[in-house]
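Have a look at the structure below before the remarks.
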Amino acid sequence: MLAIVQTMLDFHLIFSKNNWFSNETLVIASPGRINIIGEHTDYNDGFVLPAAVDKAVYLAIAPRNDDEIHLYAHDFEGSYQTSLDAIAPLPDSHWANYILGVVAQLQKADYPLKGFNAAMVSDVPIGAGLSSSAAVECATVFALNHLYQLGIDKITMVQMAQKAEHEFVGVMCGIMDMFASMMGKKDHVIKLDCRSLAYEYVPLNLGNYKLVLLNTNVKHSLASSAYNTRRQECEKAVQLVAEEEPGITALRDVNTAMLDAYVKPAHPLIDKRARFVVEEIARLQTACEKLQQGDLHSLGQLMTATHNGLSRDYEVSCRELDWLADFVKENPAVLGSRMMGGGFGGCTINIVAQNAIDDLVASITPAYEAANGLPLSHYVVTTGDGTNIVQG
Ligand code: GLA
């Protein structure tokens with residue numbers, strides 16, 4: 001609660017500083033996300049099991065009478081100004097791309113827009129793998145849809161946010177992050193079929209356990225290029241299988257026997273990547289059953305298996321993530337631990353007994369800093385609702 005109060009205070013500072021907003025200003029909250037299991041499966045038409053968290057990007061937005069766009073990002077202490085007829089991606093991973101990319105999608109679909117002022121502030125840690133970028137995109141599309149009464153349904157907004165990331169940020173991401181941010185539901189995870197976009201809310205009953213994120217504070221600079229390479233490797237595997245088995249269009253359709261027959265002999269690296277994905281899609285189904293049965297110990301073991309696959313076979317982990325997963329391995333209070341999200345930095349997600357969290361943090365924080373030369377941050381997160389109106 002405190003964090004949100006602080007956030008709103010920050011907003012009032014921004015309001016008065018810029019004199020942009022009135023009492024009618026629309027304020028949207030769009031949360032970050034976690035993912036229990038099902039990593040690198042979304043762009044392979046598989047399943048994911050994410051949730052929105054209780055940390056959000058807040059976007060305050062007000063219409064203008066002209067075609068100008070004036071933006072302010074509190075966390076970057078930066079402003080940016082452009083106009084509707086000059087929307088183009090900015091170089092050097094500029095924060096405004098996440099907003100402008102959404103504007104470009106709306107323009108492409110011929111929605112009538114006017115200029116606007118927007119300021120954002122966030123308590124989603126940036127670069128920690130909690131998808132603050134998807135949260136900004138979802139906040140923007142939701143805000144503009146509401147402001148200009150565009151009548152766009154939520155799933156289409158999710159798809160537009162994903163396209164914004166593809167075209168303005170250059171990461172060929174799947175749909176998980178935006179879906180979780182927009183569609184999240186408190187106390188639930190979302191079992192999402194990334195092929196059909198059919199979804200189901202599964203209650204997240206953790207009893208005396210909590211979700212603890214341990215942030216390596218490694219900024220994933222390799223992430224976008226390596227991410228796109230993994231995606232291509234998966235597509236290559238699909239192509240090899242489809243040459244022999246027409247009708248196969250994604251790793252969702254592939255089984256390990258097909259990999260043995262058509263991929264492994266000639267392309268061991270492609271096989272290793274694809275095999276992880278095929279196994280992960282199956283692992284998610286089991287994990288979801290275990291969660292529904294309240295068998296958190298088995299769920300935790302599956303998370304550990306996912307970490308090992310991501311680290312050894314998919315090769316998207318890093319030394320610091322592996323160190324964190326390894327440190328908690330023998331701790332009976334930690335049921336499962338794995339790297340989360342795209343990889344090469346960010347957080348591990350851990351299921352930890354509530355009464356053991358303080359001890360864990362007290363021991364792992366100095367040990368991590370001594371071994372890795374970086375500070376360790378931790379967040380005890382709960383699930384929250386998806387993109388919503390805070391004021392307006
Ligand atoms: C990033 C992407 C998602 C997903 C994950 C890995 O967060 O944005 O679409 O692919 O990596 O599961």
Side-chain angles (χ1 to χ4, degrees), residues 30-53 93 97-98 101 124-138 158-184 189-195 197 199 213 215-216 218-235 250-252 273-274 276-281 283-284 287 302-303 306-307 309-311 313-318 321 338-349:
S30 200
R33 66 101 188 89
I34 50 164
N35 186 27
I36 301 291
I37 202 160
E39 218 64 271
H40 289 273
T41 48
D42 57 355
Y43 55 86
N44 288 300
D45 277 3
F47 288 80
V48 288
L49 203 60
V53 290
S93 317
N97 281 334
Y98 301 98
V124 184
I126 293 164
L130 270 76
S131 293
S132 53
S133 58
V136 175
E137 290 150 353
C138 287
V158 166
Q159 290 168 325
M160 287 181 146
Q162 181 193 17
K163 277 267 158 23
E165 181 97 14
H166 289 183
E167 293 175 15
F168 270 56
V169 185
V171 179
M172 298 306 292
C173 62
I175 203 157
M176 170 171 74
D177 304 346
M178 295 79 189
F179 202 99
S181 185
M182 182 74 74
M183 306 295 290
V189 293
I190 309 170
K191 184 181 181 193
L192 171 65
D193 178 340
C194 299
R195 169 168 273 170
L197 298 188
Y199 62 99
L213 306 181
N215 184 359
T216 58
V218 173
K219 298 289 172 224
H220 36 316
S221 57
L222 241 184
S224 49
S225 62
Y227 185 93
N228 291 345
T229 307
R230 290 299 175 279
R231 199 172 169 146
Q232 287 159 6
E233 287 166 343
C234 292
E235 282 161 9
L251 285 180
R252 164 79 171 269
R273 304 286 195 248
F276 164 75
V277 173
V278 169
E279 286 170 0
E280 180 72 354
I281 293 173
R283 191 156 37 229
L284 180 139
L302 292 162
M303 288 168 66
T306 291
H307 181 82
L310 287 165
S311 178
D313 300 329
Y314 214 62
E315 295 182 275
V316 291
S317 187
C318 61
L321 285 166
R338 66 173 195 84
M339 58 149 283
M340 185 179 75
F344 302 101
C347 293
T348 59
I349 177 169

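Any value given below was found using the heavy atoms of this structure, including those in side chains, with hydrogens, waters and symmetry copies removed. First listed ligand is number 1; within each ligand, the first listed atom is number 1. Note that this is a predicted model, so its numbers are computed, not measured.
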Check: Just by distance, with hydrogens left out, do Arg338 and Thr348 show a side-chain donor and acceptor under 3.5 Å apart?
Finding: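 No donor-acceptor contact under 3.5 Å links the two side chains.
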For the atom pair [atom1] ([X]) and [atom2] ([Y]), what is the distance rounded to the nearest 0.5 Å?
X	Y	atom1	atom2	value
Gln162	Glu167	CD	CD	10.5 Å
Asp45	Cys194	CG	SG	8.0 Å
Asn35	Met176	CG	CE	4.0 Å

Notebook entry, point to check: Would you say Gly342 and ligand 1 have an N/O pair spaced under 3.5 Å apart?
Noted result: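 There is such a contact, yes.
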Next item on the list: Ignoring angles and geometry beyond distance, decide whether Asp42 reaches within less than 3.5 Å of ligand 1 through its nitrogen or oxygen atoms.
Entry: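 Such a contact does occur with ligand 1.
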Check: Which bit of Met340 gets closer than 4.0 Å to ligand 1, counting heavy atoms only: side chain, backbone, both or neither?
Finding: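 It is neither; nothing of Met340 touches ligand 1.
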Atom indices of ligand 1 within 4.0 angstrom of [X] heavy atoms, with elements:
X	value
Gly174	9 (O)
Arg33	7 (O)
Tyr43	10 (O)
Met176	4 (C), 5 (C), 12 (O)

Notebook entry, point to check: In terms of the angle between their ring planes, are His40 and Tyr227 parallel, tilted or perpendicular, with boundaries placed at 30° and 60°?
Noted result: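 The rings of His40 and Tyr227 sit tilted, inter-plane angle from 30° to 60°.
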Margin query: Do the side chains of Asp193 and Arg252 get close enough for a salt bridge, i.e. N-O under 4.0 angstrom?
Written below: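 So Asp193 pairs with Arg252 through a salt bridge.
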Next item on the list: For the pair Arg230 and Glu315, find out whether any cationic side-chain nitrogen is under 4.0 Å from an anionic carboxylate oxygen.
Entry: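 Result for this pair is no, no salt bridge flagged.
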Check: What is the nearest protein non-hydrogen atom to atom 10 (O) of ligand 1, stated with its residue, atom name and distance?
Finding: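 The answer is Tyr227 OH, 2.6 Å.
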Checklist line | Shortest protein contact, atom 8 (O) of ligand 1 (heavy atom only) | finding: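 Nearest neighbour among protein heavy atoms for atom 8 (O) of ligand 1, to 0.1 Å: Asp177 OD2, 2.6 Å.
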